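Notes follow the structure.
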Amino acid sequence: MKSAESTLLVIDVQQGMDNPRLGKRNNPDAEKRIADVIAAWRAAGKPVVHVQHDSVEPQSELRPDRPGNAVKPEAKPVAGEPVFRKNVNSAFIGTELESYLRERGVENLVLVGMTTEHCISTTARMGANLGFGITIVADATAAFEHEGYDGTHYSADEVHNVELANLNREFATIRESRDIVAEVEGSLPVPSR
């Protein structure tokens, strides 16, 4: 699947993801890589779709009435880019995302955003089950550390890498932003002199 033929899905790049209560995060440059991918898509005139999490949990920073719900500057939608608001992990549940994509003949999605182990993973799995080709940009997403059911600590890097390994070739193709950006830029017509 060529990423140049895909719709970019930007998931949950919100201020609340910086809350220290979430623990240690990997990939501190994720937002920069997300911005790189978005910029390439926009420059190529290709479709960008946004998903924003509106938590219903009482203490969540991602509640619509909290500052943490705001989208980070690197991923702010521009005029004409649709925003689908969800309150569960999958961007397809409780939204019109699937019908929006089907109406436009979209077959392939490139996913960037937060977090690898939650909304990226769940959206990728469900999208693949719905028949969409899914690509996840590994360095344009990030994970948080977790504690296992038995008390074992898993670093953010471990969580991120294992989640991507689980998704790879079963639900998604995993790629790096530099390759995605180069491919999209390479699809642009050569300017005439």
Side-chain angles (χ1 to χ4, degrees), residues 1-15 17 26-53 70-86 90-92 95-116 119-143 160 163-164 167-169 171-193:
M1 163 184 43
K2 293 258 187 209
S3 48
E5 301 164 356
S6 302
T7 292
L8 179 63
L9 196 58
V10 182
I11 300 174
D12 300 352
V13 187
Q14 293 167 252
Q15 300 288 347
M17 294 295 179
N26 78 325
N27 196 4
D29 290 334
E31 287 85 353
K32 291 178 189 164
R33 301 296 75 84
I34 291 166
D36 292 345
V37 175
I38 292 172
W41 243 261
R42 288 174 177 159
K46 299 190 180 302
V48 178
V49 174
H50 300 264
V51 178
Q52 189 169 350
H53 194 83
V71 174
K72 292 184 175 191
E74 298 90 344
K76 282 208 182 281
V78 298
E81 294 177 350
V83 178
F84 293 90
R85 301 181 85 91
K86 64 179 180 59
S90 174
F92 292 101
T95 72
E96 297 298 318
L97 177 61
E98 182 184 2
S99 59
Y100 175 88
L101 296 171
R102 301 268 189 228
E103 288 167 8
R104 285 152 183 80
V106 174
E107 296 179 0
N108 301 306
L109 298 170
V110 172
L111 276 55
V112 299
M114 304 292 168
T115 62
T116 315
C119 298
I120 295 293
S121 176
T122 307
T123 299
R125 289 168 187 267
M126 190 163 188
N129 287 167
L130 289 169
F132 293 98
I134 304 290
T135 297
I136 298 172
V137 186
D139 59 338
T141 187
H160 181 77
E163 191 61 44
L164 292 177
L167 294 167
N168 190 38
R169 290 184 291 219
F171 298 99
T173 300
I174 312 300
R175 299 187 62 199
E176 296 289 326
S177 63
R178 67 181 174 275
D179 300 324
I180 295 283
V181 168
E183 191 172 279
V184 171
E185 289 174 347
S187 72
L188 295 173
V190 177
S192 57
R193 297 187 185 242

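The shown structure was predicted, so the numbers you read here are calculated from the model rather than taken from an experiment.
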Between L111 and I134, is there a side-chain heavy-atom distance shorter than 4.5 Å?
yes

All N/O donor-acceptor pairs, side-chain side in residues 124-133, below 3.5 Å, sequence neighbours left out:
residue : atom : partner : partner atom : Å
R125    : NE   : S121    : OG           : 3.1
R125    : NH2  : E163    : OE2          : 3.4

K46 (side chain) donor-acceptor with S6 (main chain) under 3.5 angstrom:
no

Who pairs with A138 by side-chain contact (heavy atoms from CB on, under 4.5 Å), at least two apart in sequence or on another chain?
L164, I174, E176

Which distance, rounded to the nearest 0.5 Å, do you find between the CZ of R42 and the CG of L8?
9.0 Å

Restricting to side-chain contact (heavy atoms from CB on, under 4.5 Å), what partner residues turn up for P82, sequence neighbours left out?
V49, F84, Y100

Under the rule for salt bridge (charged side-chain N to carboxylate O under 4.0 Å, His left out), what residues qualify as partners of R104, not counting sequence neighbours?
none

Under 3.5 Å: donor-acceptor pair, side chain of T123, backbone of A91
yes

Please name all residues satisfying salt bridge (charged side-chain N to carboxylate O under 4.0 Å, His left out) with R178, sequence neighbours left out, ordered by chain then number.
none

Given the options V110, V48, L97, L9 meets side chain to side chain contact (heavy atoms under 4.5 Å, CB included) only with L97

Is it true that a side-chain atom of T116 and a backbone atom of A142 form a donor plus acceptor pair closer than 3.5 Å?
yes

C119 SG to M17 CE distance, which is reported to the nearest 0.5 Å
6.0 Å

With distance as the sole test, does N27 use its side chain to make a donor-acceptor pair with the main-chain N or O of T141 at under 3.5 Å?
yes

In this structure, NE2 of H160 is separated from CD1 of I120 (nearest 0.5 Å) by 10.0 Å

Residues passing the salt bridge (charged side-chain N to carboxylate O under 4.0 Å, His left out) test with K72, sequence neighbours excluded, are D18, E31

